[in-house]
Q: 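Here you go, one structure.
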Amino acid sequence: MINGGRRLVGAVDISGAKNAALAIIPATVLAEGKCRIENIPDIRDVRLMMDIIRHLGASVKQVNRNTYEIDTTYIASETVPDAMARKMRASYYFIGALLGRAGKAEVAMPGGCNFGVRPIDQHIKGFEALGARVRTENAVIKATTRELLGGAVYFDLVSVGATINVMLAAVKAKGLTIIENAAKEPHIVDLANFLNLMGADVRGAGTDVIKIRGVDSMHGCDYSIIPDQIEAGTYMVAAAATGGDVLIRNVIPKHLDSISAKLVESGVQIEEFDDSVRVTANGRLLKCNIKTMPHPGFPTDMQPQFAAMLSIAEGTSIISEGIWDNRFRYVEQLLRMGASIQVEGKAAIIEGVPQLKGAPVRADDLRAGAAMVIAGLVASGTTTIEDIHLIERGYENILGKLTALGADISRIQDDDDTPARVIPMVSSL
Ligand code: EPZ
């Protein structure tokens, strides 16, 4: 429940990047040894990922809230069952990792945020280019190979998941693998750095062409996950939308360039420091047009949050979704709060209104839920958001972080409908 109309003021610490952690945790399967990984976000998807890797036989020790030791010396299984795989998208990274380690993988079809069809044809194209045979039998993806051989992969379209999955399979494939039309997101570079610390030979991550020379064996290492670009962007937008003044700490400002640029266009002041950015806004924000593209373009995962902010900006903004077929479902929830938005195919036309009004709404998916939180923060009156477990998949301690910034936000029910106890924030385990 959020009582809106309060400016966010103060400082917030950004957690490790969800989409980097969800690639790096499966990657530990490629080493026969212990990895110590810091700055892992304390979110549901990470806990699910740890359950899967324990199921495969690895030993996992949680050192503190954001640090784990994962020992993959013994992996006894190459199967990820449906009950685990269907809970999120990134479970399919175990196909690439298990192919790389054991030459076989059986992973049930993944779940994940629902923005229409999410095919995995490019992942399969990549695995087959490395000599694997891939077939799907009753919703289980089965990949096998006698030997992985380096090969050339030219993706038909830029895919973060397919780029990651092929990197995981290729690091121990014999010979040279060249991936062209690769995704360039910060989490791709973070994965490459982690793999190289484990003894792999990955070059060119962050560009269109990634070259990987296979190695015979890989070992454990110590690593720290990069800060979460999308969590940081979400708090930047929340600060801007509420006319606040917030210092966003533990970030890599370079990763936020496209987000900062659009906020500046909307009339927001952004001050960059080495590992933080300060966001200040006062007076009504201005309209701006957004087109989501693969990195370094504007990130699709920031599109719903901007729509919430632009709902109360001056003028009419247009958001074009260049990545997903159906990522405007949350607009229906914003309309319930008095927004004036029209969805035409892959574009949303947002006519700024003076104010949103609190209402009962729901989170359609992770970033849609974040957009509803931002809408609730700026709306007059009370907003209640259902299905907040979807938000907690990707945002560590969102209630604590927003409360510390002055938001009037509280959890009024747990998923199983029992009234939540007021849980005092434990600063660190
Ligand atoms: C990752 O999803 C992220 N998830 C998504 O973030 C993010 O929206 C997306 O990348 C784009 O940045 C994780 O990292 C766990 P894609 P992914 O493969 O890898 C099509 C969040 O909020 N495609 O880059 O599934 C696909 O349908 C989540 O943290 C194929 O056609 O995205 C889409 O239109 C939501 N065939 C486009 O490519 C394929 O084989 C880009 O998808 C693969 C993808």
Side-chain angles (χ1 to χ4, degrees), residues 15-27 41 43-46 48-49 52 85 87-96 109-129 134 136 141 153-169 179 181-191 225-226 228-234 255 258-259 292-306 320-330 346 363-371 390-396:
S15 304
K18 166 176 89 83
N19 292 345
L22 295 183
I24 284 170
I25 294 163
I43 54 178
R44 292 168 79 113
D45 275 12
V46 160
L48 283 172
M49 200 52 108
I52 295 176
K87 288 185 179 161
M88 64 177 163
R89 189 105 206 119
S91 46
Y92 59 16
Y93 292 148
F94 283 101
I95 305 170
M109 287 295 278
C113 293
N114 172 12
F115 341 105
V117 180
R118 294 178 74 173
I120 60 166
D121 55 305
Q122 299 299 303
H123 299 239
I124 291 168
K125 172 178 180 173
F127 296 142
E128 288 174 343
V134 187
T136 305
I141 305 158
V153 183
Y154 199 106
F155 285 131
D156 304 346
L157 46 76
V158 175
S159 161
V160 168
T163 303
I164 287 171
N165 237 337
V166 173
M167 286 167 73
L168 294 171
I179 303 173
N181 203 14
K184 302 185 268 194
E185 272 69 7
H187 27 293
I188 302 281
V189 178
D190 211 28
L191 173 65
I225 304 273
I226 52 168
D228 194 310
Q229 162 199 44
I230 305 301
E231 187 199 15
T234 303
H255 290 168
S258 61
I259 298 164
T292 69
M293 299 290 282
H295 191 79
F298 187 89
T300 172
D301 292 346
M302 283 302 304
Q303 178 257 86
Q305 300 92 311
F306 265 78
S320 312
E321 172 56 50
I323 307 288
W324 297 104
D325 293 341
N326 174 13
R327 195 173 195 167
F328 288 118
R329 281 175 53 217
Y330 63 88
K346 295 180 83 169
D364 284 314
D365 61 60
L366 166 57
R367 307 303 176 186
L390 290 173
I391 302 174
E392 291 176 321
R393 289 187 56 182
Y395 289 95
E396 176 177 331

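Just follow the structure's listing: the first ligand is 1, and inside any ligand the first atom is 1. Since we're looking at a predicted model, the values are computed, not measured.
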Q: Nearest protein heavy-atom contact for atom 35 (C) of ligand 1: which residue, which atom, what distance?
A: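 Scanning the protein heavy atoms, the shortest distance from atom 35 (C) of ligand 1 goes to Phe115 CZ, 3.5 Å.
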Q: List the atom of Gln305, the atom of Ala371, and the distance in Å for their closest heavy-atom pair.
A: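 Here Gln305 and Ala371 meet closest at N-CB, 3.9 Å.
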Q: Numbering the atoms of ligand 1 from 1, which are under 4.0 Å from a heavy atom of Gln122?
A: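 The list of qualifying atoms is 36 (N), 39 (C), 40 (O).
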Q: Testing Val153, Leu157, Val158 for side-chain contact (heavy atoms from CB on, under 4.5 Å) with Phe155, which one passes?
A: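 It is Val153; the other options fail the test.
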Q: Which pair of non-hydrogen atoms, one from Gly369 and one from Ala363, has the smallest distance, and what is that distance?
A: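 So the two residues come closest at CA-CB, 3.6 Å.
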Q: Going by the order shown, which atoms of ligand 1 are within less than 4.0 Å of some heavy atom of Ile120?
A: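 So the answer, numbered in order with elements, is 39 (C), 40 (O).
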Q: Should the proximity of Leu366 to ligand 1, defined as any heavy atom under 4.0 Å, be assigned to the side chain, the backbone, both, or neither?
A: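 Within the 4.0 Å criterion, Leu366 contacts ligand 1 through side-chain atoms alone.
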Q: Which pair of non-hydrogen atoms, one from Ala368 and one from Tyr330, has the smallest distance, and what is that distance?
A: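 Taking Ala368 first and Tyr330 second, the nearest heavy atoms are CB-CB, 3.6 Å.
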Q: May I ask whether Glu231 has any heavy atom positioned less than 4.0 angstrom from an atom of ligand 1?
A: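 So Glu231 does not count as touching ligand 1.
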Q: Please state which protein non-hydrogen atom is closest to atom 22 (O) of ligand 1 and give its distance, to 0.1 Å?
A: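 Nearest protein contact, heavy atoms only, for atom 22 (O) of ligand 1 is Arg367 NE, 2.8 Å.
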Q: When you check the gap from the basic side-chain N to the acidic O, do Asp325 and Arg118 get nearer than 4.0 Å?
A: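 Salt bridge absent between Asp325 and Arg118.
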Q: How close do His123 and Gly161 get, heavy atom to heavy atom, and via which atoms?
A: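 For His123 and Gly161, the tightest heavy-atom pair comes out as CE1-C, 3.2 Å.
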Q: Looking only at protein heavy atoms, which one is nearest to atom 23 (N) of ligand 1, and what is the separation?
A: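 Protein heavy atom at minimum distance: Leu157 CD1, 3.8 Å.
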Q: Between Lys18, His123, Arg118, Arg89, which one has a non-hydrogen atom sitting closest to atom 2 (O) of ligand 1?
A: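 Nearest heavy atom to atom 2 (O) of ligand 1 lies in Arg118.
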Q: Using 0.5 Å steps for rounding, measure from the CD1 atom of Ile141 to the CD1 atom of Ile95.
A: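 Interatomic distance, Ile141 CD1 to Ile95 CD1, rounded to 0.5 Å: 4.0 Å.
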Q: Any idea which heavy atoms bring Val134 and Glu128 closest together, and the distance?
A: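 Shortest heavy-atom separation between Val134 and Glu128 comes out as O-OE2, 4.1 Å.
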Q: For ligand 1, does Arg327 get within less than 4.0 Å through its side chain, its backbone, both, or neither, judged by non-hydrogen atoms?
A: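 Just the side chain.
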Q: Could you tell me whether the side chain of Arg327 reaches within less than 4.5 Å of the side chain of Asp301, counting heavy atoms only?
A: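 With C-beta onward as the side chain, the pair touches.
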Q: For atom 21 (C) of ligand 1, find the nearest protein heavy atom and state the residue, atom name and distance (0.1 Å precision).
A: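 For atom 21 (C) of ligand 1, the nearest protein heavy atom comes out as Asp301 OD2, 3.4 Å.
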Q: For the atom pair CG (Leu191) and CD (Glu185), what is the distance rounded to the nearest 0.5 Å?
A: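 Atom-to-atom, Leu191:CG and Glu185:CD are 12.5 Å apart.
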Q: Between Asp45 and Arg393, does any side-chain N to carboxylate O distance fall below 4.0 Å?
A: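 Yes, charged N to carboxylate O under 4.0 Å.
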Q: Who gets closest to atom 43 (C) of ligand 1 by heavy atom: Pro294, Ala20, Pro119, Ala183?
A: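 Answer by nearest heavy atom: Pro119.
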Q: Answer yes or no: does an N/O atom from Gly161 fall short of 3.5 Å to an N/O atom of ligand 1?
A: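 Yes, there is a polar N/O contact under 3.5 Å.
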Q: Ignoring hydrogens, just give me the one of Tyr92, Phe155, Tyr93, Trp324 whose non-hydrogen atom is nearest atom 9 (C) of ligand 1.
A: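 It is Trp324 that holds the nearest heavy atom.
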Q: Ligand 1 and Ala90, any nitrogen or oxygen pair closer than 3.5 angstrom?
A: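 Among all N and O atoms of Ala90, none is under 3.5 Å from an N or O of ligand 1.
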Q: Around atom 11 (C) of ligand 1, find the nearest protein heavy atom and jot down its residue, atom name and distance.
A: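 Of the protein heavy atoms, Thr300 CG2, 3.8 Å lies nearest.
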Q: Considering non-hydrogen atoms of the protein only, which is the closest contact for atom 34 (O) of ligand 1, and what is the distance?
A: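 The closest one turns out to be Ile323 O, 2.6 Å.
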Q: How far is atom 3 (C) of ligand 1 from its nearest protein heavy atom, and which residue and atom name does that atom have?
A: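 Ranking protein heavy atoms by distance from atom 3 (C) of ligand 1, first comes Asn19 ND2, 3.8 Å.
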Q: What's the shortest distance from atom 18 (O) of ligand 1 to any protein heavy atom, and which residue and atom give it?
A: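 The answer is Ser159 OG, 2.7 Å.
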